[in-house]
Each structure stands twice: as structure tokens, then as C-alpha cells.
Amino acid sequence: MEPYRRRQVFLERASALSTELSSRYDPSDSEQALYREWEERGLFHADETRARSPYVIVIPPPNVTNVLHMGHGLNNTIQDVLVRWRRMQGRDTLWLPGTDHAGIATQNVVERELAAEGATRLDLGRDAFVERVWEWVHEYGGQIVEQLKVIGCSCDWSRTRFTLDEGLSRAVREVFVRLYEKELLYRGRYIINWCPRCTTALSNEESEHREHDGKLYHIRYPLADEPQRFVDVATTRPETMLGDTALAVHPEDERYADLVGRKAVLPLVDRLLPIVADEFVDPEFGSGIVKVTPAHDPNDFEIAGRHDLEAIDILTDDARISDAAPEAYRGQDRLEARESVLADLDRADLLVRIEDHRHSIGHCYRCDTVVEPRLSLQWFVRMEPLARPGLKAYRDGQLRFYPERFGRVYEHWMENIRDWCISRQLWWGHRIPVWYCQNEACGEMVVARDDPDRCPECGGALEQDPDVLDTWFSSWLWPFSTLGWPEETADLKAFYPTSTLCTASEILFFWVARMVMAGYEFMGELPFTDVLIHGTVRDHIGRRMSKSLGNGIDPIEVVQLFGADAMRFTLIRGAAVGTDLQLNYEDLESAFRPGRNFANKIWNAVRFALPYLQDADAVDPRERELELADRWILSRFAAATDQITAALEAYRLHEAAELTHAFVWGDFCDWYLELVKGRLEGERGSGSRDAAAATLVYVTRGWLTLLHPVMPFVTEELARRLPGATPEASLVLGPWPSWDPTQRDTEAESAMEALQEFVATVRNLRSEYHVDPGTGVTVHLQSDASDLEHALAAEERGVRRLAGITSVERSAPPVDGPGASAVLRAGTELFVPLSGVIDVDRERTRLETEVNRLEGLLASASARLGNEAFLAKAPKDVVERERQKERSLAEQRDRLIEKRRALGPTG
RNA sequence: GGGGCCUUAGCUCAGCUGGCUAGAGCGCUACGUUGACAUCGUAGAGGUCACUGGUUCGAGUCCAGUAGGCCCCACCA
């Protein structure tokens, strides 16, 4: 029969069988309803009045402008797994959600909207613009919150926060004032990173450096007192020469010793430039002479400070040449100006040469525009004192990173911390709480918690600083501002400090390190003890997922296609601690199919078992007379519980997912369910059936629980149908199974191992017979599984694998043949189907290859056993294992040689 | 210029304290209408664990170096 036809026949048969539950699990049937129910019942709500052993996570607040992408999907699934697991363990768990106002990003979105209408924010004016942004936020913002629910996140939504909320705004202002009072805040004129597109200052962290193939231009400047002599300088940004105010050489550079103290003439501008000596200059680089542009280069600014040089800002806010430059260039864009300057220099024969030069250039992290280092009056936070306790906490081991290596990255950054530029020339954000007296004679500056009416000094009118604060200036307070600080709330008392902070490595500096600093400064305590850093979601060729590349995968689409559980399982299993996760956006199937198939597998496993079970089976299986298979699965379950719990403790979530999958599919479905099928058919009241049923209920409920943090929906859906389930019970509330070492049953485990080997051997009998399709062999068993271990002990090796088999004969399949359960019954027959005609030539080759392989392994095992040092130093059990290995290898080899001989010579 | 990471099956990756006849998922081959599941089952092919040295009774695992890839930080014009 052709494959497609065969499949059709199968499906027809399948649909003819009417069953209560569909044989395909359809996540869309239940996910949303379950979520709504959990939420309505308040299962995610944290009670601040009884938080005795709290487990707390604050969400890394996504930008209000965001829609969910796979990065969020991964980040939040990880948090949800941790939170659900701890909640099931009985910890008083809070996962606090919220969003970030995201100054630049949000302002940009609304500005783009305005641009489409042909307007700018300047047309609207400040108040109307801010009003407009709020409207946008109310209408479109926070979509992401709803999307988090779709993927199953068990946040306490009653505590949702927004960084521009009244409470959080109060926290921001309190912090600003406190820092100012402690002189950890200052206003000053320094070189900052300026984004000419966003027309605002950026912090160092917001300027992303990338390598560029640029040019290095060598220009010559004539000396003032010796116009026929020139000095060569090199620059990558020739237009900045318009702002040069000096030249510098190294103090010990003998070549130029005679130049120091003299003056050069700045071409195109005709300004006189003093030539100074400064340690900063590297005599090895270029000509060894540097042009000094204090307003547009941080080093030059430093030099200027040391030599009392003027700083001339030759740019406007949008990076055009300002009025400080000669008229010819004014109004030109910086790149346009670069061309004109070069052309003019060339015309004057002052452009010596141009060479290729690779160097890195800063880009705005929001709009990717090349940032301009620029002298500007801004507010800064003095970071060094704030960093000290955070550094100590890490070194003392109170603050732990998973994986550990990120601790070193954190340490390095904290050690070399630089002051933080916090003012932004934007309208959307927390307005800086500083007022300047408009009375020039007074000039008072007021920094206040509450808006002042008039100048406390002179009673004059006040004007508030027009700038807003860096978005991260509210984010760094997140772990306590969300709990009500600066009020001493019950929440703050109950839930601070938090437990685990879970994020991608990108915002280690932006956010994580600064939260530690704020935690110590304002709460006197660490904001969290564990930092879990996960990888980035990339596409199949390693690129970061992004809208602009078009390689993004929409998690909501994935949920619709495969279900939230499938997505969560795939993400968790794919993301080993600290490694990136690759997903193929062109073939969603291959990425998410395993997760969906797993959900379907467990759905069908439980669907199969349910009709055999009744409420009376919801008893502790140890009250029943357990058979080998029952003891075995209970023991395996105990082992799985132990391993999975340990993996979660160590934040090895991928391992926990993998272990659960292996237990459910490999142990439970493949073996236990198969072994128990026959027994379930038995009469209620029969010891064997009751033991099987009780074990089945217990173990199924158990692994549904273990799987619930990763796949909350199917597991809950199924757990509710198990005997003994009550309407108010929910896996959400646990309890998490506890690991009981007495449940390990090594006797049962080793007997089952033997049984599994035995079954494999029986199956292998197939290769010893050449039969027609549709026939097979029938194996007559003399012992059942519980006898097997005795049989094995009695038999010497050699016959071991066939222990329990009295005879094997060729036969047609029985009309109504027993399943694999027959293996366990003494005196029954097991029909082993054979899979068609065996290709004898192929079989010969296979056997020969196999024998060769075994010879090789045997040689190395023997060599080891012949090694005196090995015998002397290796642990006893290792040596013993090695001996066994040698024996069984020899045994296998001999058997295969025998088989090979039986097949006759090649031909 | 500093710091960190990676290189294991055709693909994506596990492999924690050295004991491994190196695993998983996908893909591939063969067979299968077995009353849970074809979103499945059974069997199988496929790997000098990048390379070179070292430590060790024993190295995918530890150390050093080489080659290739990635990331972060940094003011060399």
C-alpha cells in the first residue's frame, strides 16, 4: 500500500473510534480560558500580610512601545518557570509586572506619527506634545502586558507599575533630591555623546560603538612665525578643525621641542593656535602632533583643561555648522561640511594625504545615528561612591551571577565606573526637579521635592529646568519604587529584597549594576541576590532577531500555531544557561514541532489512562500490593523529582525540561504505560489492577506537576481530569513533589533494567530469522518479570540474555495477539513481528562492521585492564565495571561472529 | 589595545566536580493500519569531541600554544 493511502486508512479508522477526548491536543481550546480562570481566582496574587518565605521577581519592564518578540518570550518564560515552581513549593511568591516609559523610544514613536501628519513636536508645544504621548500610551501602550498573559506569565497584575506612575515619579524625585543633598549629583559642562537626530545627550552606555572603515586625513598647518614651515596633523573628522584651539605634542618628543610655546595658524579660519606639550599625545601615532578641539573630543577637552584653552562648539543641536565657524560653512550638515573643508584644504594645498583607517564610532542606541562628542551642560551622577558597596557585595559572594562569568564583567565595569550623564533634552519623561531664579542678580538654583512657587532667596520668579531624566534613572529604582518606596509600605517590608533578577546580558550595565547601586544607597540592602543572565534569541544563521532584518518570529503567532506550552518548552529546552538560542524563522515547524508533539504525547497518554481510572484509585500506591513495574516507575519518579528539583535550584532550566521530557516519554509512556495496559483491563478489586491504577494516578499527577512550570496549560487541563481532582484544586498551587530517598527502589530498578535488556534481546531475534512480511516469531516465556531477577541470578552469563525464554518459533501473528504486557506473564506467548525480508548481504556487512567495532573496543578495554597503574589507582567500581565491559564485549562479539557464520559466505 | 566566550553527528545544541562503549531534538534510511499517540512506534546509519603539545592509570572534560568564529569594554587623533 502506498504511504499516503495507508495513512488515510489509518485516519479513517481513527475517526471511526469515538472517544471523549480528541486524539489531538488542541491548545486553543483551553489556554485562554484557563488563564482567565487562574487570574480571576487570584492565584497569582501575592499576599503581603503573610510573606514568610517570599520569592520575588520584578519583571524587567518592557518599553510601553514594545510588542512582544522572542527575546521577551524567552525572558518571561524563564521568569515564569521560576515563579511557578517556587509558588508550587509553597513560597509566598510575587512576580511584579510593569512597563517602562522609555523616554527616547516613545518620544520617537509619537514624533514619527506627527511627522506623518506633517507636524513636529515644536508645532504642538511641550504640554500638548506630552499630552499626545500620554494618549498614545493609553491607547497602544501596554499591549505587551496582554501578550504576556497569552504566553502564560503568572504575574500579579494587581501590582502592575509604570515608570511614570505617580508613585514612581515621587521615588524619582526623592532620589534626585537625596543625591543632590549628598553631593552625588552635579551639573557641569563636559563632553557628552550627543545624538543629533534625537537632539539629546546620551549616557556612555547609550552610545554603541561599532567599527567603521573610515579615512585618516593628514592636514598641514603653517606656523605663525614661520609661514613656510608646516606641521602635519591627522584627523578622522576634518570638519572639527573649525573648532581647533591648539596643537599638542608630547613633552618629551625631541622632534618638536622647538615648537612648544609657539603658534600655528588654523587654515580656513585663520585662528592662532598655541602649541602645547601634553602627556596625552602619543609620539608614535601619525606625525606625533595632535590638533586640539576641546568642544568635540573628550581627550582634547582634558588637554584644554590642563592648558586653559578655549572650547569652541562649532555644531548646532542637529549637527550643522554653527555660527561659531566661518560663514562659508554655516548651516552645512556635518558630512557636507567635511567635504567642503576637505575641498578647501585641497585647494590651498594643505591636504597632505588620505589613508584608510578602521576605527570605531558611537551610534545612538535608539536611532542608530552617529553620535557626536560634544561639550554640553548636563547633570551627572557621581558613581564611584555608589559603586563601592555593590562591588563589595559581589566580592563577598552575596550577589551571585548565573553563569558566573558575568560577575567578572560586572566587576570590571564597576571598577572602572564613570559618571553618569542623566539629563536628556527630551519632553517625555521625569522632568528634572530643579528651578532657576530668573532674577539675574540672585541666580539661585532650587532642587526640591515639591514644586516651589517662587525663589526662596529673593522671591523672584522661577523657571524649571527644561530637561528630563534618563529613562534608566527611574528603572534603577524599580525593585523598590514598585513596592511603594519612599513610603514604608507593607509590600516593601514583605518583598524587599527580591530574589532573582532575570535578564539578557545587554542591560547588565544599563540596569542591573545600577539597581544594585540604588538598592544599597536607598534601601541599604541588595535589591536581589541572584542574577540570571540568559542568551539572545537569534535566527538560524546567528543574527539577532529584529524587525528591520525581517527575521523575527512573533511569539503570538507561534502560540496560535503550536500553543503556548509548545513555545515555552522549546524556549526553555533550547536555552542552556548563558548560551544563545537559535531559531529558524523560515521553518517554524522544525523549531516548535517537538514542543507541540510533546504536548500531544502527554495528552494522549493521559487520555488513554483515564477510562480505566476511578476516584477510588486516588490513593497512595504504597497502600496497594505493588508489582515490579509499579515499584520501578515510583522509583524512577522519585529520581526524576530529585534531579529536576536540583536542576531548577541551580537555574539549569533546560536540564529540568530535558529530564522531565525523558522521564515522561522514555520511562512513563514507553515502558510503564505499555507494561500496565493488560493489568488495567482487570476487574476492580483485583490486586494487580488496583496497584497499577493507584500507581498510575499518583505518578501521572506527579509528572504533570513537575512539568507544570514549563507547560502550565496542558498539565492543568489534564490534572483536573485525574481521579481525586477537586474543582478548587489547581497545579498552580502545587504542592511540588518532595524528594523522598526511601522511594528509590534499586532492586526494582535493576530488575527493570534487566527486563528492558531482555525485551531488546527478544526484538533482536528478528535479525536471526529471515521471514516473509507479516509473519514473526512467538516467544514462549517461562517466568514473569518479578521472577526474572532470580532467573538472572541463577543463570550464568551467556544464557543470561535468553533467560526466561523456553522456545522461539516462527509463526503467523495471532488473531488477537497480546501486547507487550505478555512479557510480564509467565507461561504466555509473545508475538514479535518481523519487519519483512532481511537483506542477507546487508546483514552480513552490518555484522562484519559491528564485529570490527567490538574488536576495537575490546582491545582498549583489555589494554586498560592490563595496565598495572590503572589497577592500582583506579577506584574499585571503575575497575569492576571495566571487567564487566570486557566480558560483555567479548560475549557480544562471539555471538555476532556466530550469527555471521550462520549466514554463510558472501555471495 | 584590554577582557570574556565558542569550536562535539548533516543542522541546532547538551555533556555540572576528569572514569564515555560521547547524548538529545530535528533531519536521513528501512519497516509498521499492533485500541493512547502517524503530532506515533521499532530498528538503523552518522562523531580521530577544531588542531598541536602537556598533566594523569585515564582527557570531550584540566593546563599551554595554534587556527577559525563571536561578544563586551576602551579617549589613540
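Here the structure is a predicted model, which means the values were calculated and not measured. In what follows, every heavy atom counts, from backbone to side chain, and hydrogens, waters and symmetry copies are set aside. In what follows, every chain begins at residue 1, and chains take the letters A, B, ... in the order their sequences are listed.
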Exercise for review: Looking only at side-chain atoms of F608(A), point me to the closest of rA77(B), rG25(B), rA36(B).
Suggested key: rA36(B)
Point to revise | Nucleotide opposite rU55(B) in a Watson-Crick or G-U pair, distances under 3.5 Å | key: none
Review point. Which listed nucleotide (rC26(B), rC75(B), rU39(B)) is nearest to the side chain of R596(A)?
Key: rU39(B)
Practice item. Using atom CG of N597(A) as one end and atom C1' of rG41(B) as the other, report the distance to the nearest whole Å. Key: 13 Å
Practice item. Hunt down the Watson-Crick or G-U wobble partner of rU61(B), both distances under 3.5 Å, from any strand shown, or write none. Key: none
Practice item. Could you give the distance separating rA59(B) and rC51(B) at their C1' atoms, to the nearest angstrom? Key: 16 Å
**Study point:** For RNA chain B, the residues among residues 598-606 of chain A that have a non-hydrogen atom under 4.0 Å from it
**Key:** N600(A), K601(A), N604(A), A605(A)
Practice item. Mark up nucleotides 3-13 of chain B, 5' to 3', with B wherever a protein heavy atom is under 4.0 angstrom from a base atom, S wherever such an atom reaches only the sugar-phosphate, and - elsewhere. Key: -SS------SS
Practice item. Would you mind classifying the nucleic acid contact of R237(A) as base, sugar-phosphate or nothing, using non-hydrogen atoms under 4.0 angstrom? Key: nothing
Exercise for review: Can you check whether any acceptor in the base of rU39(B) is under 3.5 Å from a donor in the side chain of R593(A), or vice versa?
Suggested key: no
Review point. What distance, rounded to whole Å, do you find between the two P atoms, one in rG3(B) and one in rU66(B)?
Key: 14 Å
Check your understanding: R864(A) CZ to rA59(B) C1': how many Å, rounded?
Key -> 11 Å
Check your understanding: Taking atom C1' of rC71(B) as reference, at what distance in whole Å does atom CD of E211(A) sit?
Key -> 13 Å
Check your understanding: Would you say H359(A) reaches rC75(B)'s phosphate, i.e. side-chain N/O to OP1/OP2 under 4.0 Å?
Key -> no
Point to revise | Spacing of the P atoms in rU52(B) and rG44(B) (rounded, Å) | key: 32 Å
Check your understanding: Within the structure shown, what part of the strands sits under 4.0 Å from H296(A) by heavy-atom distance: base, sugar-phosphate, or nothing?
Key -> nothing
**Study point:** Upstream residue (5' side of RNA chain B) when N204(A) and E658(A) are each assigned their closest nucleotide
**Key:** E658(A)
Review point. Reckon P373(A) touches a base, only the sugar-phosphate, or nothing at all at heavy-atom distances under 4.0 Å?
Key: nothing
Practice item. Write down the distance between CZ (R24(A)) and P (rC40(B)), rounded to a whole number of angstrom. Key: 10 Å
Check your understanding: Going by the angle between their ring planes, with limits at 30° and 60°, are H363(A) and H212(A) parallel, tilted or perpendicular?
Key -> parallel
Exercise for review: Looking at every strand, decide which applies to D282(A) at a 4.0 Å heavy-atom threshold: base, sugar-phosphate, or nothing.
Suggested key: base
Check your understanding: Any Lys/Arg nitrogen of R237(A) or E372(A) sitting under 4.0 Å from an Asp/Glu carboxylate oxygen of the other?
Key -> yes
Check your understanding: In terms of side-chain heavy atoms of V281(A), which of rA74(B), rA77(B), rG41(B) is nearest?
Key -> rA77(B)
Practice item. Pick base, sugar-phosphate or nothing for S505(A), based on heavy-atom distances below 4.0 Å to the nucleic acid. Key: nothing
Check your understanding: Taking the same atom, P, in rC75(B) and in rU17(B), what whole-Å distance lies between them?
Key -> 36 Å
Practice item. Provide, to the nearest angstrom, the distance between the NE2 atom belonging to H209(A) and the P atom belonging to rA74(B). Key: 6 Å
Review point. So which nucleotide from rC20(B), rA36(B), rA77(B) ends up closest to the side chain of R607(A)?
Key: rA36(B)
**Study point:** Rounded distance in Å between the P positions of rA45(B) and rU7(B)
**Key:** 26 Å
Check your understanding: Which word best sums up how the rings of Y190(A) and F301(A) line up, parallel for under 30°, tilted for 30 to 60°, or perpendicular for over 60°?
Key -> perpendicular
Exercise for review: Describe the nucleic acid contact of R418(A) in one word from base, sugar-phosphate, nothing, applying a heavy-atom distance below 4.0 Å.
Suggested key: sugar-phosphate
Review point. From rC57(B), rG25(B), rA36(B), pick the nucleotide closest to the side chain of K873(A)?
Key: rC57(B)
